[in-house]
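Only heavy atoms go into these numbers, but all of them, side chains included; no hydrogens, no water, no symmetry mates. Sequence lines set the chain letters: A, B, ... in the order given, protein chains first and strands last, and positions in each chain run from 1.
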There are 4 protein chains.
Amino acid sequence: MVEPHELSNKKEAILYSAFQVFTEKGYHQAKVSEIAERARVGKGTVYEYFDSKEALLIGVIKAGTKYYIEQLNESAEQAVDPLGKLRNILLKNVTILKENQNFRQLINHNFGVNSEQFHLLLQEQRQILFQKIQKILQEAINQQQIKPIDLEIGVRLVFGHIIAMDPEMGNLAEEQINSMIDILFKGLQ
Amino acid sequence: MVEPHELSNKKEAILYSAFQVFTEKGYHQAKVSEIAERARVGKGTVYEYFDSKEALLIGVIKAGTKYYIEQLNESAEQAVDPLGKLRNILLKNVTILKENQNFRQLINHNFGVNSEQFHLLLQEQRQILFQKIQKILQEAINQQQIKPIDLEIGVRLVFGHIIAMDPEMGNLAEEQINSMIDILFKGLQ
Amino acid sequence: MVEPHELSNKKEAILYSAFQVFTEKGYHQAKVSEIAERARVGKGTVYEYFDSKEALLIGVIKAGTKYYIEQLNESAEQAVDPLGKLRNILLKNVTILKENQNFRQLINHNFGVNSEQFHLLLQEQRQILFQKIQKILQEAINQQQIKPIDLEIGVRLVFGHIIAMDPEMGNLAEEQINSMIDILFKGLQ
Amino acid sequence: MVEPHELSNKKEAILYSAFQVFTEKGYHQAKVSEIAERARVGKGTVYEYFDSKEALLIGVIKAGTKYYIEQLNESAEQAVDPLGKLRNILLKNVTILKENQNFRQLINHNFGVNSEQFHLLLQEQRQILFQKIQKILQEAINQQQIKPIDLEIGVRLVFGHIIAMDPEMGNLAEEQINSMIDILFKGLQ
DNA sequence: CATGAATGAGCTTTCATTCAT
DNA sequence: AATGAATGAAAGCTCATTCAT
């Protein structure tokens with residue numbers, strides 16, 4: 001485990017430390033002073049790199065979702081046929097959430113942050129994911145792996161599955177996860 | 001639209017006013033003083049009826065989820081066969097969320113409230129809903145309307161659909177909603 | 001032990017209940033509502049009999065010091081010669097304070113009450129005690145039991161002894177108390 | 001007279017300003033905001049140096065009693081024989097209390113503060129004084145300046161004298177004070 | 001670039017007191 | 001005379017942010 005202050009550059013140290021603190025305590029309970037301490041920098045230094053506590057949250061979320069989407073993309077690329085890609089995305093998603101429950105908490109526990117910017121960012125990130133899924137679904141339709149459906153609906157169904165398999169509701173066996181995906185695919189065929 | 005202070009009894013006026021304010025601003029941004037003002041009572045009066053700001057949030061959530069679950073139950077009862085009930089619940093859910101977007105916000109915007117009690121309450125309410133769905137799925141299996149599946153999986157799939165049809169991601173036409181439900185049912189058969 | 005609410009008339013019940021609560025918690029920690037409850041009357045009723053919380057404290061102190069001084073007087077009267085009276089007063093004082101430690105606390109714990117009236121009252125009561133002592137000392141001088149001293153000094157010395165024998169600093173054996181009085185008398189002779 | 005804000009360091013300015021306000025108004029009537037204002041610092045700054053309002057009171061008392069006991073010690077050291085030391089302590093005590101009536105008020109007016117810590121501190125300080133007196137009395141006994149008495153009693157008698165000579169009951173002439181001390185010594189011989 | 005001492009706006013909560021019944 | 005629901009002033013404390021060094 002890397003400690004925040006061991007990171008080479010200060011901005012990253014602050015970001016990582018903020019990730020930890022926001023995750024553990026939630027935005028409102030998190031203190032800038034604690035973030036600074038864990039990053040082993042002065043409180044003022046945090047403000048050299050980020051305009052405000054909220055900007056810090058935004059930064060953390062940005063870095064987090066970037067990583068998340070990259071991971072999903074990578075795992076998608078390891079399959080060739082569209083349904084294989086979709087299955088990989090769904091499986092990987094469970095893995096990421098399970099291995100990194102903090103990440104989930106980071107977003108959920110901070111949903112209460114009433115900030116236009118925060119919500120726009122989350123929506124934006126969701127859009128990126130949605131477009132990826134949409135593209136895969138279109139391929140699947142083109143290759144007649146699933147019947148032609150309204151893509152809006154398709155994306156939502158996949159997203160619903162992502163939520164349905166969230167380890168926060170309790171862990172699922174590999175087998176159960178695959179069954180759930182099978183049911184989705186069967187419905188779509 | 002009824003104004004909070006028009007409600008006959010003070011407790012209800014406070015509860016309703018709190019609902020509005022929590023919804024609009026989120027828990028942390030909400031001021032007890034504003035809640036009191038809108039309910040046209042003194043700040044102290046709020047504390048006559050609720051022990052703390054948090055107790056007020058709990059009260060609001062309790063009233064809200066009670067209403068929500070009652071509505072879903074009622075609409076379920078209007079069908080006789082299990083899949084009909086399930087369809088009704090899913091349809092009604094969309095209607096409730098659409099008509100009452102505040103309610104969604106109330107829960108989402110306050111998810112960040114770091115309170116044991118708050119999370120327990122939400123979990124408890126979700127359990128009630130889950131048990132209802134589980135019972136319906138069992139009936140559907142018994143009547144051979146769907147194939148015998150792991151109920152855990154079944155409940156999650158329905159829950160995933162509830163999320164997938166959330167009007168917050170944009171409104172869906174009646175037709176689209178029904179197709180989504182059809183896909184679910186097809187997957188389960 | 002008599003409970004406050006068993007007293008025949010409401011004013012006394014309130015007074016006694018106030019005595020208990022002020023004693024146990026001190027003036028600032030005492031709540032009018034608790035005083036009312038213990039006296040088994042409504043909060044409003046307290047205000048029928050006393051203008052304010054402070055007036056209630058004054059009332060309690062008045063009743064308490066009246067009792068205290070009466071007791072000292074009575075015990076003084078049980079001796080005939082002045083020095084005997086003085087010894088009795090000093091002995092009785094220890095007994096009262098020991099048996100009724102609450103009474104001490106009532107005065108000490110509320111010394112912080114920053115009220116002109118309160119301090120005047122205490123001073124007034126002290127004056128009454130001082131005059132009694134002064135009179136006895138004068139008699140003792142007249143009867144040549146002690147040498148003629150400045151009465152101001154004499155009164156203070158007796159008062160100092162009262163404090164010196166306070167059971168709050170720890171209990172003294174009967175024998176120790178008498179030794180202390182002997183030392184005082186020897187000094188005065 | 002030095003104004004609090006003229007003190008070189010902030011902590012001292014706050015301490016002195018707190019001393020004034022606690023003295024003038026008593027603990028409960030004192031507002032942290034007023035203490036801050038008089039020290040010409042922000043309210044938050046007070047909390048940088050002291051954890052709470054109560055910690056501030058403790059700090060003030062500590063500084064005050066430290067000064068008080070140091071003064072008494074110093075004046076004791078200016079005599080060689082034990083009874084001389086005792087006389088010096090008693091005389092100095094009157095001077096301190098007279099010159100610094102606030103100090104007395106600080107302790108008396110705050111006796112009502114219902115805090116374990118506060119009372120422990122006062123008791124502790126009283127013990128220090130008592131031990132000093134006890135040691136002197138023992139020396140006096142050893143040197144046969146007074147007859148061998150129970151030291152517990154001796155200490156109390158001296159303490160009673162300290163109270164008896166309190167300028168709050170009215171000023172005493174130098175001569176009167178010395179007579180009072182003479183009476184004590186005569187009693188002890 | 002880096003710091004952390006200083007700041008003060010802003011919030012929840014308590015409770016003496018009032019007054020309509 | 002008796003009540004207690006309603007009130008709102010008042011105060012301690014937190015912590016994001018600033019800025020002089």
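For F:dA6, the OP1/OP2 oxygens have a side-chain nitrogen or oxygen of B:Lys10 closer than 4.0 Å. OP1 and OP2 of F:dC15 both lie 4.0 Å or more from every side-chain N or O belonging to A:Ser33. Distances shorter than 4.0 Å separate none of the side-chain N or O atoms of A:Tyr47 from OP1 or OP2 on E:dA2.
Among the heavy atoms of the strands, none lies under 4.0 Å from A:Phe50. Within 4.0 Å of A:Ala55, counting heavy atoms only, lies no atom of the nucleic acid at all.
Minimum interatomic distance between C:Val21 and C:Lys31 (heavy atoms only, all atoms of both residues): CG1-N, 4.5 Å.
Between the CD atom of C:Glu37 and the P atom of F:dA5 there is a distance of 12 Å, rounded to whole Å. Between the C1' atom of F:dG4 and the CD atom of C:Glu34 lies a distance of 17 Å, rounded to the nearest Å. The distance between atom CZ of C:Arg40 and atom P of F:dA2, rounded to the nearest whole Å, is 17 Å. Put simply, CG on C:Leu57 is 17 Å from C1' on E:dC15, counting in whole angstrom units. Nucleotide E:dG10 holds its P atom 15 Å from the NE2 atom of A:His28, rounded to whole Å. If you measure from atom CG of D:Leu56 to atom C1' of F:dC13, you get 13 Å, rounded to the nearest angstrom. Going from atom NZ of C:Lys53 over to atom C1' of E:dT18 covers 17 Å, rounded to whole Å. The separation between C:Glu54 atom CD and E:dC15 atom C1' is 16 Å, rounded to whole Å.
A donor-acceptor contact under 3.5 Å links the side chain of B:Lys43 to the base of E:dT13.
The cationic group of C:Lys11 does not satisfy the cation-pi geometry with C:Tyr16, failing either the under 6.0 Å distance to the six-membered ring centre or the 45° limit from the ring axis.
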Reading DNA chain E 5' to 3', what string of ( ), [ ], | and . shows its pairs, if Watson-Crick and G-U wobble pairs count only when both distances fall under 3.5 Å?
.||||||||||||||||||||
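In this structure, B:Lys62 NZ and B:Leu57 CG are separated by 11.0 Å, a value rounded to the nearest 0.5 Å.
Residues C:Leu56 and C:Phe22 have side chains in contact (heavy-atom distance under 4.5 Å, counting atoms from C-beta outward).
Ion pairing between D:Lys10 and D:Glu48 fails under the 4.0 Å rule for side-chain N and carboxylate O.
Side-chain atoms of D:Ser17 come within 3.5 Å of backbone atoms of D:Ile35 as a donor-acceptor pair (strictly under, hydrogens ignored). Although no hydrogens or angles enter the test, the distance criterion places no donor-acceptor pair under 3.5 Å between the side chain of D:Thr65 and the main chain of D:Gln125.
Toward the 5′ end of DNA chain F lies the nearest nucleotide of B:Val41, the other residue of the pair B:Val41 and A:Asp51 mapping further downstream. Each of C:Glu48 and D:Ala30 was assigned the nucleotide of DNA chain F with the nearest heavy atom; the assignment lying further toward the 5' end belongs to C:Glu48.
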